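Below: one structure, written as structure tokens.
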Amino acid sequence: QESMLYAQRTALVDGSLLLTSASIHAEVVVGLLVGLIAAKYLVFGALSLLGGLVEGILNVKAVFPALPQGGWMLIVTTLQVVPLYAALLAVFQQILGDALLAAVCFLTIVL
């Protein structure tokens, strides 16, 4: 009688540990897939923004060399990497997924 109760308890504990482990692995896999989807949209968009904006500014500067706006925009292009950093941090946060990491990623982008 006692051994049967012990075997049932052990089986229940082992089964619950197995299901807990499976749910953690499923959460990691879902986070990885969401991170890959975020990378697909955000990283390519940020990279195209970088190349397209610089190319457009250079075209404007070639057609209208006396305008100062194109030159100033080329100086300010250091801010163009912010969408790329935001995209990479979003992907990183989706893959590792944690509330504290989300706050740190947000503060990194803002500051």
Side-chain angles (χ1 to χ4, degrees):
Q1 184 75 1
E2 290 284 327
S3 63
M4 181 179 249
L5 287 175
Y6 178 74
Q8 287 176 345
R9 287 182 190 146
T10 306
L12 283 173
V13 169
D14 289 344
S16 83
L17 289 176
L18 183 65
L19 287 175
T20 302
S21 175
S23 72
I24 289 172
H25 290 315
E27 183 179 343
V28 169
V29 169
V30 168
L32 182 66
L33 291 175
V34 170
L36 289 174
I37 292 169
K40 179 179 154 185
Y41 291 109
L42 294 176
V43 173
F44 292 132
L47 288 175
S48 66
L49 177 68
L50 286 174
L53 188 57
V54 170
E55 186 67 29
I57 291 170
L58 288 175
N59 287 340
V60 168
K61 194 66 179 165
V63 174
F64 304 110
L67 289 178
Q69 287 85 3
W72 280 108
M73 285 300 291
L74 286 174
I75 292 170
V76 181
T77 54
T78 56
L79 296 176
Q80 289 180 2
V81 297
V82 172
L84 185 61
Y85 286 145
L88 291 176
L89 285 174
V91 170
F92 184 67
Q93 198 279 329
Q94 283 297 322
I95 290 173
L96 296 179
D98 188 296
L100 181 62
L101 182 64
V104 169
C105 288
F106 177 74
L107 290 176
T108 303
I109 293 170
V110 171
L111 302 176

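What you see is a predicted model, and the numbers here were worked out from it, not measured in a lab. Numbers for residues simply follow the sequence, beginning at 1.
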- Item | For V29, the rest of its hydrophobic cluster, which grows through side-chain links under 4.5 angstrom |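 Its cluster mates, by chain and number, are L33.
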- Members sharing L12's hydrophobic cluster (side chains within less than 4.5 Å):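 Reading the cluster by chain and number, L12 sits alone, since nothing else belongs.
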- Are the side chain of S21 and the backbone N or O of L17 linked by a donor-acceptor pair below 3.5 Å?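 Absent.
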- Message: Counting C-beta onward and ignoring hydrogens, is there a side-chain heavy-atom pair between K40 and L36 closer than 4.5 Å?
- Response: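 With C-beta onward as the side chain, the pair stays apart.
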- Query: Are M4 and Y6 grouped together when hydrophobic residues (ILVMFWY) are joined by side-chain heavy atoms under 4.5 angstrom apart?
  - Reply: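 No; Y6 is not reachable from M4 via cluster members.
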- Task: Rounded to the nearest 0.5 Å, what's the gap from CG on L19 to CG on D14? Could you check?
- Result: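 Output value for this atom pair is 11.0 Å.
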- Taking only residues two or more places apart in sequence or in another chain, which ones pass side-chain contact (heavy atoms from CB on, under 4.5 Å) with V30?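 V34.
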